[in-house]
Every structure is written in C-alpha cells, then in structure tokens.
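Right, one structure below, let's go through it.
Bear in mind the structure is a predicted one, so any value in this text is a computation, not a measurement.
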Amino acid sequence: MHRLILRIVRGDVAPGGLQPLTEGFRRSFAPAALRTPGLIRYHVGVGPQPSETRLVVVTFWTSVDAALTAYESDLEHPRTIDGLAAHADLREVAYWEVDETLLRRSHGSPSLLRLTFGLVVEGADAAIQEELRQRMHLLDPSMTEGYIGRRLVGTDVEIAFVSMWSGVPEGHELGAPVWPDISARYKRFELEVYRPVVSGTPPDGDPANATGS
C-alpha cells in the first residue's frame, strides 16, 4: 500500500502583511512549487474570516525522501518551499501519512479549505479511519478534494481530515463537525476553516481524480 506524505505548516500573518503575503505566495511560492519534484498538490490559506490573521500551507508529497530533498534534509523547521516568510511568523510544522486509496482529488481552485484533527488512543484509529473512508463519498459534490492522514502523537494517534470545497453545501455548516458521532469519539477535536489564496498541482502530480472505496 503506497502512502503519501501530508505536510502542514501553520503561522500567523504579520500586521498589515496579508496583501503582500498573498502576492508573494502567488508570485514566488506557486512557481517554485510547480518546479519541485515529488510535490503532488499544494494549498495556501488564510483565516479565520473575517480577521484572516492565521496562515496555513498544506502540501502533499510522494514520499518522505521527496520532502527531505525539497527542504534540504530539514523537516523540523517550519518553512515554505521558497523560504517566503517576510510577512508571516511560521511557528509549527507537522506530518501525516496519507493512504493513497483514500483520496478524492481535483485540479480546480477551491473557495474553502477545511482542516479537522482528532486525537484517539492508538488502536482505535483504524475503525475511525474506515468510517471516514466509507462516508467520504457521501459528501456533497461541493467537496472537491478530501484526504485522510494519520500520525503518532506520543502514545496516541491524530487523524487529520483535510478537505477543499467549492462552496458551503446546503444544510451543512463547515465550521461545525460534519459527522458529530465521529468527532465525539475523539479525546481532542480541532476544526479550522481557511480561505485559499493559492492552490496548484505541479505537472508531475498525478492527474487522476479518485475516491477510495
């Protein structure tokens, strides 16, 4: 089973830095990302609305080795591909394994980027991931992309569900759990919604749209 790597960098937008930061990502980060071997897909978002004081950079990689090469063997330092950080304080970076069979992919530009993180005792994560996989294809077509990742946090497991949306689906509030029965089973649950400012797929990224079953 092939596993991809999900990398998420979080930070804070500097006061007055939103516009130059956004322009910088479009002018510098996007071209650099398109030239980076092993990079499959990327999203840069700001939030929460309306303040938009936080920054998130989400990238997907073919392997750990590809990420190691891109970041000069330093995976611990929160940085972006081109080192763009003049208008933001990048404060943390984390990695998850993503089962390639659990992907729904798109090459479009989403209007919302939604991240959820749930912490469970190791051993309980397999059942939750299976439920997420079974339910993901039931979501409204306005969810254009979906990825499920897993990482160890001490003796627990953190499950990440990263999704991109073309808009808010009827009857749903994206700032609330989509499946409350699942989120209630987590020891800790976090939900973040961002406005994407740049998204892209490098030429070597897999062009297939797929949903795991």
Side-chain angles (χ1 to χ4, degrees), residues 1-10 39-50 52 54 56-62 94-120 124-151 157-201 205-213:
M1 179 186 298
H2 183 61
R3 293 190 178 275
L4 308 177
I5 300 300
L6 162 64
R7 181 179 191 267
I8 297 180
V9 174
R10 292 187 182 90
L39 181 60
I40 297 173
R41 183 78 163 135
Y42 63 86
H43 299 279
V44 177
V46 292
Q49 295 179 330
E52 297 189 335
R54 290 180 296 165
V56 66
V57 182
V58 177
T59 50
F60 296 91
W61 300 84
T62 56
Y95 298 83
W96 289 260
E97 286 188 336
V98 176
D99 183 347
E100 191 172 18
T101 65
L102 303 185
L103 303 185
R104 175 193 288 181
R105 304 187 199 178
S106 169
H107 288 248
S109 296
S111 62
L112 292 170
L113 167 59
R114 185 178 186 271
L115 311 177
T116 68
F117 306 96
L119 197 68
V120 295
D125 59 297
I128 292 179
Q129 288 182 83
E130 179 63 22
E131 288 187 47
L132 289 172
R133 179 171 67 176
Q134 295 298 328
R135 296 186 191 188
M136 193 162 67
H137 74 283
L138 301 175
L139 287 173
D140 188 279
S142 56
M143 190 191 84
T144 57
E145 298 175 56
Y147 311 86
I148 299 171
R150 175 188 186 275
R151 71 165 178 152
V157 174
E158 185 176 66
I159 299 171
F161 180 28
V162 178
S163 55
M164 274 59 73
W165 301 75
S166 60
V168 178
E170 185 177 353
H172 285 283
E173 170 54 60
L174 294 184
V178 173
W179 298 301
D181 61 318
I182 292 181
S183 59
R185 291 154 57 187
Y186 292 127
K187 295 171 62 176
R188 185 184 73 230
F189 179 74
E190 300 175 49
L191 191 160
E192 305 168 4
V193 179
Y194 297 86
R195 175 178 65 86
V197 296
V198 61
S199 298
T201 303
D206 186 347
N209 294 324
T211 302
S213 59

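- The aromatic ring centres of Phe60 and Tyr42 sit 6.0 Å or more apart.
- Between the CD1 atom in Ile148 and the CD1 atom in Ile159 there is a gap of 8.5 Å [rounded to 0.5 Å].
- Nearest heavy-atom pair across Arg114 and Leu174 is NE-O, 2.8 Å.
- Atom CG of Leu139 is separated from atom OG1 of Thr144 by 11.5 Å, given to the nearest 0.5 angstrom.
- Put simply, OG1 on Thr116 and CD1 on Ile182 are 9.5 Å apart, with the number rounded to the nearest 0.5 Å.
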Quiz item: What do the steps show when you test Glu52 against Arg54 for salt bridge (charged side-chain N to carboxylate O under 4.0 Å, His left out), and what is the final call?
Solution: CA-CA 6 Å; Glu52 297 189 335; Arg54 290 180 296 165; over 6 Å; no

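- Residues Pro177 and Phe189 approach most closely at CG-CE2, 3.9 Å, considering heavy atoms.
- For the pair Arg151 and Trp96, the cation-pi criterion (under 6.0 Å, within 45° of the ring axis) is fulfilled.
- In this structure, CG in Asp125 is found 11.0 Å from CZ in Arg185, a value given to the nearest 0.5 Å.
- Under the 4.5 Å side-chain criterion, counting only non-hydrogen atoms from C-beta, Glu130 is not in contact with Ile128.
- Using a 4.5 Å heavy-atom cutoff, the side chains of Ile5 and Tyr95 are in contact.
- The distance from the CG atom of Leu132 to the OH atom of Tyr147 is 16.0 Å, given to the nearest 0.5 Å.
- Considering only residues two or more places apart in sequence or on other chains, Tyr194 meets the ring pair (Phe, Tyr, Trp, His ring centres under 6.0 Å) condition with none of them.
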Self-check item: Steps toward side chain to side chain contact (heavy atoms under 4.5 Å, CB included) verdict (Leu115, Leu191)
Solution: CA-CA 6 Å; Leu115 311 177; Leu191 191 160; over 6 Å; no

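- Here the shortest heavy-atom pairing between Ser166 and Ser111 reads O-OG, 2.7 Å.
- Taking the side chain as every heavy atom from C-beta outward, Met143 and Met164 never approach each other to under 4.5 Å.
- Looking only at side-chain heavy atoms (C-beta outward), Leu6 and Val58 come within less than 4.5 Å of each other.
- In this structure, the side chains of Thr62 and Ile40 come closer than 4.5 Å at one or more pairs of heavy atoms.
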Practice problem: Report the C-alpha distance between Thr201 and Arg41 in whole Å, list the side-chain angles of each, state the deciding distance to 0.1 Å, and finish with yes or no for side-chain hydrogen bond (donor to acceptor under 3.5 Å, both in side chains). | Solution: CA-CA 5 Å; Thr201 303; Arg41 183 78 163 135; 3.1 Å; yes

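- Among residues two or more places apart in sequence or in another chain, the salt bridge (charged side-chain N to carboxylate O under 4.0 Å, His left out) test is passed with Arg135 by Glu131, Asp181.
- A salt bridge between Glu158 and Arg150 is absent, with no side-chain N of the basic residue lying under 4.0 Å from a carboxylate O of the acidic one.
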Exercise. Could you check Val46 against Val56 for side chain to side chain contact (heavy atoms under 4.5 Å, CB included), going step by step and ending with a plain yes or no?
Key: CA-CA 6 Å; Val46 292; Val56 66; over 6 Å; no

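- Heavy-atom minimum distance, Ser199 versus Pro196: OG-CB, 4.1 Å.
- The line from CH2 of Trp165 to OG of Ser142 is 5.5 Å long, rounded to the nearest 0.5 Å.
- Judged by the 6.0 Å distance and 45° axis criteria, Arg10 is positioned over the aromatic ring of Phe117.
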